[in-house]
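The block underneath contains the structure these notes are about, expressed in structure tokens.
This structure is a prediction, so every number in the text was calculated from the model and none was measured. Lettering follows sequence order; numbering is per chain, from 1. Hydrogens, waters and symmetry mates play no part in the numbers below; they use all other heavy atoms, side chains included.
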Amino acid sequence: MYYSILFYIFSFFVILSSVGVITSKNPVYCVLYLILAFINSAILFLFLNAEFLAMLLIVVYVGAVAVLFLFVVMMLNINIEEKKSKFLKFKPLSVILGSIILVEFLYFFIMDNSTLEKLSNTPNLEQKNNTISLGNILYTDFALLFQMCGVILLVAMIGAIVLTLRKRPGVKKQIIKNQVDTKKEDVIEVVSVKNNEGA
Amino acid sequence: MNFINDFGISVFGYSDFSSFIIIILKILAIVLPLLISVAYLTLAERRVIGLMQLRKGPNVVGPFGLFQPFADALKLMSKETIIPKEANKFLFLLAPMITFILALIAWAVIPFDENNVLADINVGILYLFAVSSLAVYGIIIAGWASNSKYAFLGALRSAAQMVSYEVSIGLIIITVLLCVGSLNLTDIVNAQKNVWFAIPLLPMFVMFFISVLAETNRAPFDLPEGESELVAGYFVEYSSMSFALFFLGEYANMILMSALTVTLFLGGWLPIIDVYPLNEVPGVIWFIIKIIFILFIFLWVRASTPRYRYDQLMRLGWKIFLPFSLVWVVLTAGFLVFFDIVPKSI
């Protein structure tokens with residue numbers, strides 16, 4: 001009873017903040033709403049006894065990804081009016097995409113019960129700690145798939161670095177090795193100057 | 001097993017009113033001593049640094065200056081709260097609250113003694129890591145909402161710094177977890193009954209402490225405040241109680257991070273050696289002594305090291321700590337598997 005009331009309160013906030021993400025005029029507010037949505041969904045994970053996933057959601061998405069979003073968005077100088085007109089321009093396309101996804105979800109969860117049964121094959125959390133169960137699934141049962149995901153992410157990471165890395169001439173950069181390797185003889189010259197003859 | 005029950009979130013779910021009251025009393029029993037220690041940490045900081053620099057420090061208010069924190073608090077509270085005209089009022093006031101609340105809620109999972117912990121959840125260390133990774137929001141929101149260049153620059157520096165050092169903190173925590181086989185903080189302390197992790201994992205201990213200095217924005221990594229170039233960094237526009245909340249939050253975070261260091265590496269509530277007169281001392285006392293020791297090093301470092309330059313700070317985090325801690329994770333895992341001493345999960 002109490003759990004279901006709490007559940008509905010938090011789900012309500014998830015939906016409310018998700019709506020806030022796409023309707024706010026100020027992009028910083030959008031990111032803050034997104035963070036609120038993440039935190040509320042983490043709490044929903046707790047209701048499913050999936051505390052490991054809940055903490056991971058907060059650590060990864062709120063603690064790292066959303067911080068970088070906020071970081072970038074705060075530095076942008078977006079004209080709020082301009083953003084609104086663009087939002088309306090994409091309205092027909094977004095309605096079509098949204099309804100396709102909605103139909104797919106409905107088919108998946110209502111019509112096709114067999115996939116749902118396969119998905120609901122979760123380990124018994126009463127006997128096993130959910131960190132351990134998750135570890136078993138990821139690193140033992142599906143180790144190969146997991147490593148492939150890792151390789152794909154690595155490729156994406158290298159790609160991002162290659163795209164943004166450029167050598168610019170004339171940048172003064174401290175090269176620690178050169179600095180440490182510097183010897184006294186290289187940089188200091190001791191000259192004995194005669195009296196009244198120095199520059 | 002049930003997180004919600006363990007955590008005591010479901011205050012409505014308690015069978016009777018008295019257990020609800022007991023939870024409230026337990027929370028007060030943690031928060032009040034914490035706030036008093038924050039007050040005295042500020043005094044200790046000024047006194048210790050003063051003595052290290054051959055000054056006296058504040059010694060006038062009360063015996064040995066012991067009433068100085070209360071004088072400071074009264075002065076702060078009597079000041080006017082100023083909200084800049086162009087600031088975003090809601091976020092401007094929200095930011096100090098976030099900082100302060102996050103510094104307090106993390107204490108829910110810290111074990112003070114055997115079986116003496118408010119919420120003995122089985123992902124305790126992850127909870128602490130999550131809360132400490134949220135702490136950056138108080139700073140970044142404050143910087144943005146103030147609508148001031150200095151505050152904003154301070155906030156940007158701080159966000160980049162905290163995100164960078166969190167990576168190495170995470171890897172160091174993984175190293176410890178490999179040696180424990182559990183995410184529960186009580187289990188982590190119990191696993192150190194034979195030897196504190198500071199000894200076999202000494203390099204990790206040192207790196208963890210340095211990363212904690214960066215994570216709490218303390219010297220020599222206090223660039224977000226950088227008074228010489230940024231006035232005071234992200235809280236330059238704050239005054240009165242909103243400033244006090246930032247101040248309290250920062251120092252409570254220092255104590256929290258010291259408690260985390262003690263729990264992970266210095267054996268939490270365990271006595272130094274398990275012999276007769278020492279193991280009769282209550283675990284809480286040992287815990288507090290160790291926290292004070294770590295806090296003293298915090299102050300010592302502040303008194304004796306010059307501030308890093310920002311590119312040096314980033315280099316240290318990404319090019320030295322990250323590879324080193326990653327290699328250490330692999331080495332520890334390899335060592336445990338090779339000698340077949342991987343701790344069995346509970």
Side-chain angles (χ1 to χ4, degrees), chain A residues 1-3 5-7 9-10 26 28-29 31-32 35-36 38-39 42-75 124-136 172-176 179, chain B residues 1-7 9-14 88 90-91 94 98 121-137 139-141 143-145 152-153 155-156 158-160 162-164 166-167 170 173 177 181-184 309 311-312 315-316 319-320 344-346:
Chain A
M1 173 61 186
Y2 299 110
Y3 277 2
I5 291 174
L6 284 174
F7 173 81
I9 291 174
F10 287 118
N26 191 334
V28 172
Y29 279 0
V31 181
L32 291 177
I35 293 161
L36 193 62
F38 280 145
I39 291 178
I43 295 171
L44 290 185
F45 269 131
L46 295 185
F47 281 97
L48 296 170
N49 279 352
E51 60 256 32
F52 185 78
L53 277 181
M55 291 303 147
L56 222 57
L57 187 71
I58 291 182
V59 169
V60 176
Y61 284 92
V62 184
V65 175
V67 172
L68 297 179
F69 273 6
L70 202 59
F71 200 92
V72 173
V73 164
M74 278 180 178
M75 288 200 283
N124 187 356
L125 290 179
E126 296 303 316
Q127 293 166 3
K128 261 187 186 170
N129 185 319
N130 78 62
T131 316
I132 295 166
S133 340
L134 205 67
N136 270 334
K172 284 187 180 170
K173 215 175 183 182
Q174 181 184 27
I175 298 165
I176 304 278
Q179 201 171 351
Chain B
M1 233 0 130
N2 190 318
F3 188 93
I4 303 279
N5 264 338
D6 289 350
F7 205 81
I9 288 176
S10 59
V11 277
F12 306 106
Y14 286 113
N88 185 321
F90 176 69
L91 291 180
L94 184 72
I98 292 179
I121 59 177
N122 59 14
V123 288
I125 187 76
L126 269 181
Y127 172 82
L128 275 182
F129 192 57
V131 170
S132 75
S133 68
L134 290 184
V136 64
Y137 282 107
I139 292 170
I140 198 170
I141 290 175
W144 186 77
F152 188 56
L153 282 173
L156 287 185
S158 180
M162 289 170 90
V163 170
S164 308
E166 238 153 53
V167 181
I173 288 177
L177 295 182
S182 165
L183 295 168
N184 183 305
R309 214 174 52 212
D311 62 319
Q312 292 172 329
R315 178 178 174 271
L316 184 72
K319 291 191 176 172
I320 300 173
K344 291 285 167 278
S345 47
I346 302 113

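- The most heavy-atom pairs under 4.5 Å with chain A, out of M162(B), R309(B), E166(B), come from R309(B).
- Both the backbone and the side chain of L126(B) come within contact range of chain A, judged by heavy atoms closer than 4.5 Å.
- Counting non-hydrogen atoms of other residues, nucleotides and ligands closer than 6.0 Å to OH of Y61(A) gives a total of 12 or fewer.
- With a 4.5 Å cut-off on non-hydrogen atoms, V60(A) does not touch chain B at all.
- L91(B) is linked by a side chain to side chain contact (heavy atoms under 4.5 Å, CB included) to Y29(A), L32(A), N88(B), L94(B), I141(B), W144(B), A145(B), counting only residues two or more places apart in sequence or in another chain.
- Of the listed residues (V167(B), I140(B), V163(B)), the one with the most heavy-atom contacts under 4.5 Å to chain A is I140(B).
- Of the two parts of I35(A), only the side chain, counted from C-beta on, holds a non-hydrogen atom closer than 4.5 Å to a non-hydrogen atom of chain B.
- Heavy atoms of A160(B) lying under 4.5 Å from chain A belong to its backbone as well as its side chain.
- G63(A) and S133(B) get closest at one heavy-atom pair: CA-OG, 3.7 Å.
- Ranked by heavy-atom pairs under 4.5 Å with chain A, the list D311(B), V131(B), L156(B) is led by L156(B).
- With a 4.5 Å cut-off on non-hydrogen atoms, A66(A) touches chain B through its backbone and its side chain both.
- Inter-residue side-chain proximity for N122(B) and T131(A) is flagged as unmet; no heavy-atom pair is nearer than 4.5 Å.
- Every residue was checked against the side-chain hydrogen bond (donor to acceptor under 3.5 Å, both in side chains) condition with R315(B), not counting sequence neighbours, and none meets it.
- Between Y127(B) and E51(A), the closest side-chain pair of non-hydrogen atoms is not below 4.5 Å.
- Atoms CD1 and CZ, from I58(A) and F129(B) in turn, are 12.5 Å apart once rounded to the nearest 0.5 Å.
- When every heavy atom of A159(B) is checked against every heavy atom of V67(A), the shortest pair comes out as CB-CG1, 4.4 Å.
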